[in-house]
Protein chains: 2
Amino acid sequence: MIKIVLIGAGNVAFHLCQAFKNSENTKVVQIFNRTLENIAVFPESIDKTNSYTKLKEADIYIIAVSDDSVSMVSENFLLNNKLVVHTSGSVAMKTLSDKNRKGVFYPLQSFSKSRKVDFSEIPICVEASEEKDLELLKVLGKSISEKVVVINSEERKRLHLSAVIVNNFVNYLYQVGSNLLEEEALSFDLLKPLIKETALKIESLPPFEAQTGPAKRNDKKTIEKHLHLLKDSPYKKLYAEMTEAILREYSILDNN
Amino acid sequence: MIKIVLIGAGNVAFHLCQAFKNSENTKVVQIFNRTLENIAVFPESIDKTNSYTKLKEADIYIIAVSDDSVSMVSENFLLNNKLVVHTSGSVAMKTLSDKNRKGVFYPLQSFSKSRKVDFSEIPICVEASEEKDLELLKVLGKSISEKVVVINSEERKRLHLSAVIVNNFVNYLYQVGSNLLEEEALSFDLLKPLIKETALKIESLPPFEAQTGPAKRNDKKTIEKHLHLLKDSPYKKLYAEMTEAILREYSILDNN
């Protein structure tokens, strides 16, 4: 049984807590947060504290707080030589305080409180400064997910950057589509099946091969029509640049 | 029973043919294509021709060919006063020849031969120059889909433009993510659960509310880190511009 103290009250802490609770091999012995009200929604059976002096004994201390607070929180620890990990995609492991053994336990997913999470599919990226801690993090990862990968801080940076692109930037394009339809009083629902199919397609086909559309086939007539439609729109520049990028991607590769 | 002649051998013709075959209310009586080899994969039971003089009697003639060929194919028809529709998102209805009654039957989805299609969820956008033809197209749409909407040519243009953004541009971002990982020998599989969640999230949450990430929360430190990571990358410009667009989207709306 791996004993865990969770630090933080955000979405990652919330969903990790659920996942550890559902696993037979892990036990969250305590949740720490500066304001106790924020962790009131966590299971009643788990001890809660807002005091660093009252942190319980555990095998792993998981800091699931905002990126900017990771360093400070780890410095505030009164414990020594414990395994203390953070859950952030963009924070280097070395950011953690030298007082304790360091590690990272980064679940590569976007969490919101309102949506259920199936951890079994979520890649858990682990890193540790000591070999035996890495082994423990692997076991911890496998207790909630089928996909545990060892990723160092450099690789994790790259992974987080890519995640921003396929999650945040993609969602922004959904917004653009939604806004363009709204201007004509058309429902965004019309695009939902297409959005779903686009995302599911790349599970079996690499995105380079899945690419279709006017830019991919260099269909200048349709591109011109679209730019004309967007002539007074703030999205004209975005359309032109994305189109140019796709044209470049394929022409560059054709020339090789 | 609605009798249909299908013109074309591409993905749309292929999947429409399957859908009509599975419906009790429709019958594809013939498939036309200039080269018969290309329609050899279509069901054996359906008559095939490559001659305009041999087109059969039908209630609807569906032209499912490339955008550029719609006009020419409809001009080549020897029949008169029939209901002739195309399936294109970006071609105006008036592009069809005046010899016949005009209409549009546009299934809003991205089709590939290798992927199965569930038509019941796909929005079918219909338009016709005559009221009774519009009614027939609605019935035809309902025979294969639960979602049939009347959309005029102007609206359809806008819809197609938005579809390009949430399908082609989004898939391009998947490529960018994949390429960035490849440079570090990281597997694109790591991003697939995130891609899926991002697409599924907007089924219950408007994309404006679903937006997260460094640009949304104006996290300059992370943005700088990412731009630094991309300093020699062709994707640096794209990252900067998407970030700027998201910042603008939210700051503009905050100022209102």
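Note that this is a predicted model, so its numbers are computed, not measured. Lettering of chains follows the sequences in order, A, B, ..., and the numbering in each one begins at 1.
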Worksheet item: Can B:Asp67 and A:Lys221 be said to form a side-chain contact (heavy atoms from CB on, under 4.5 Å), step by step?
Response: CA-CA 10 Å; B:Asp67 293 359; A:Lys221 228 160 98 181; over 6 Å; no

Worksheet item: Does any heavy atom of chain A fall under 4.5 Å from the side chain of B:Phe188, the backbone, both, or neither of them?
Response: side chain

Response to the item:
Ranked by heavy-atom pairs below 4.5 Å to chain B, first place among A:Lys216, A:Lys157, A:Lys147 goes to A:Lys157

Item to complete: Could you check which of A:Lys225, A:Lys237, A:His160, A:Glu154 has the highest count of heavy-atom pairs closer than 4.5 Å to chain B?
Response: A:His160

Item to complete: Identify the heavy atoms of A:Arg158 and B:Leu180 that sit nearest to each other, and give their distance.
Response: NH1-O, 3.0 Å

Fill in: Proximal component of B:Leu205, with respect to chain A [non-hydrogen, under 4.5 Å]
neither

Worksheet item: Can you tell me if A:Ser110 and B:Lys201 form a side-chain donor-acceptor pair at under 3.5 Å?
Response: yes

Worksheet item: How about B:Glu121 and A:Lys192: do any of their side-chain heavy atoms sit closer than 4.5 Å?
Response: no

Worksheet entry | Contact winner vs chain A - B:Thr243, B:Leu159, B:Asp118, B:Ile122, heavy-atom pairs under 4.5 Å | B:Leu159

Item to complete: Please determine, among B:Val149, B:Leu194, B:Val164, the option with the most heavy-atom pairs under 4.5 Å with chain A.
Response: B:Leu194

Worksheet item: Just checking, is any N or O donor in the side chain of A:Thr198 or B:Asn167 under 3.5 Å from an acceptor N or O on the other one?
Response: yes

Discussion item. Looking at A:Lys113, I want to see if its NZ is surrounded by more than 12 non-hydrogen atoms of other residues, nucleotides or ligands under 6.0 Å.
Written reply: yes

Worksheet entry | Nearest non-hydrogen partners of B:Pro214 and A:Asn168, listed with the distance | CD-OD1, 3.5 Å

Item to complete: Check whether any side-chain heavy atom of B:Lys196 sits under 4.5 Å from a side-chain heavy atom of A:Lys196, and report yes or no.
Response: no

Practice prompt. Against chain B, work out which of A:Ala199, A:Ser204, A:Ala185, A:Cys125 has the most heavy-atom pairs shorter than 4.5 Å and name it.
Written response: A:Ala199

Practice prompt. Heavy atoms only: give me the nearest B:Ser162-A:Gly177 pair and the separation to one decimal.
Written response: OG-O, 3.7 Å

Fill in: Among the listed options B:Leu108, B:Thr212, B:Val117, B:Asp219, the residue most often paired with chain A at heavy-atom distances under 4.5 Å
B:Thr212

Discussion item. Quick check for you: among A:Ala215, A:Ala245, A:Ser178, which has the greatest number of heavy-atom pairs under 4.5 Å with chain B?
Written reply: A:Ala245

Worksheet item: Please walk me through it: do A:Asn179 and B:Glu249 pass side-chain contact (heavy atoms from CB on, under 4.5 Å)?
Response: CA-CA 11 Å; A:Asn179 291 347; B:Glu249 193 85 39; 3.1 Å; yes

Worksheet item: Taking C-beta and beyond as the side chain, do A:Phe169 and B:Ile246 meet within less than 4.5 Å on heavy atoms?
Response: yes

Fill in: Any side-chain heavy-atom pair of B:Leu238 and A:Met242 under 4.5 Å
yes

Fill in: Working for side-chain contact (heavy atoms from CB on, under 4.5 Å), residues A:Tyr235 and B:Ile165
CA-CA 10 Å; A:Tyr235 302 128; B:Ile165 291 169; 5.7 Å; no

Discussion item. I'd like to know which of B:Leu200, B:Thr222, B:Leu190 tops the heavy-atom pair count under 4.5 Å against chain A.
Written reply: B:Leu190

Item to complete: Against chain A, label B:Val166 side chain, backbone, both or neither, depending on which of its atoms sit under 4.5 Å from a heavy atom there.
Response: both

Worksheet item: Without hydrogens or angle criteria, can the side chains of A:Tyr172 and B:Gln211 be said to hold a donor-acceptor pair below 3.5 Å?
Response: no

Worksheet entry | Which atoms of B:Glu244 approach chain A - backbone, side chain, both or neither, heavy atom under 4.5 Å | side chain

Worksheet item: If you look at every heavy atom in B:Glu241 and A:Glu241, which pair is closest and at what distance?
Response: OE1-OE1, 2.9 Å

Worksheet item: Under a 4.5 Å heavy-atom cut-off, does chain A meet the side chain of B:Arg156, its backbone, both or neither?
Response: neither

Worksheet entry | Passing candidate, side chain to side chain contact (heavy atoms under 4.5 Å, CB included) with A:Pro207, options B:Val176, B:Leu191, B:Asn171 | B:Asn171

Worksheet item: Can a salt bridge be assigned to the pair B:Glu197 and A:Arg115 using a cut-off of 4.0 Å between side-chain N and carboxylate O?
Response: yes

Fill in: Euclidean distance, A:Ser90 OG relative to B:His226 NE2, rounded to 0.5 Å
6.0 Å

Worksheet item: Backbone N or O of A:Leu186 within a donor-acceptor pair of the B:Glu155 side chain at under 3.5 Å?
Response: no

Worksheet, complete the sentence: Scanning both residues in full, the closest heavy-atom pair of A:Tyr250 with B:Gln175 reads OH-NE2, 2.8 Å

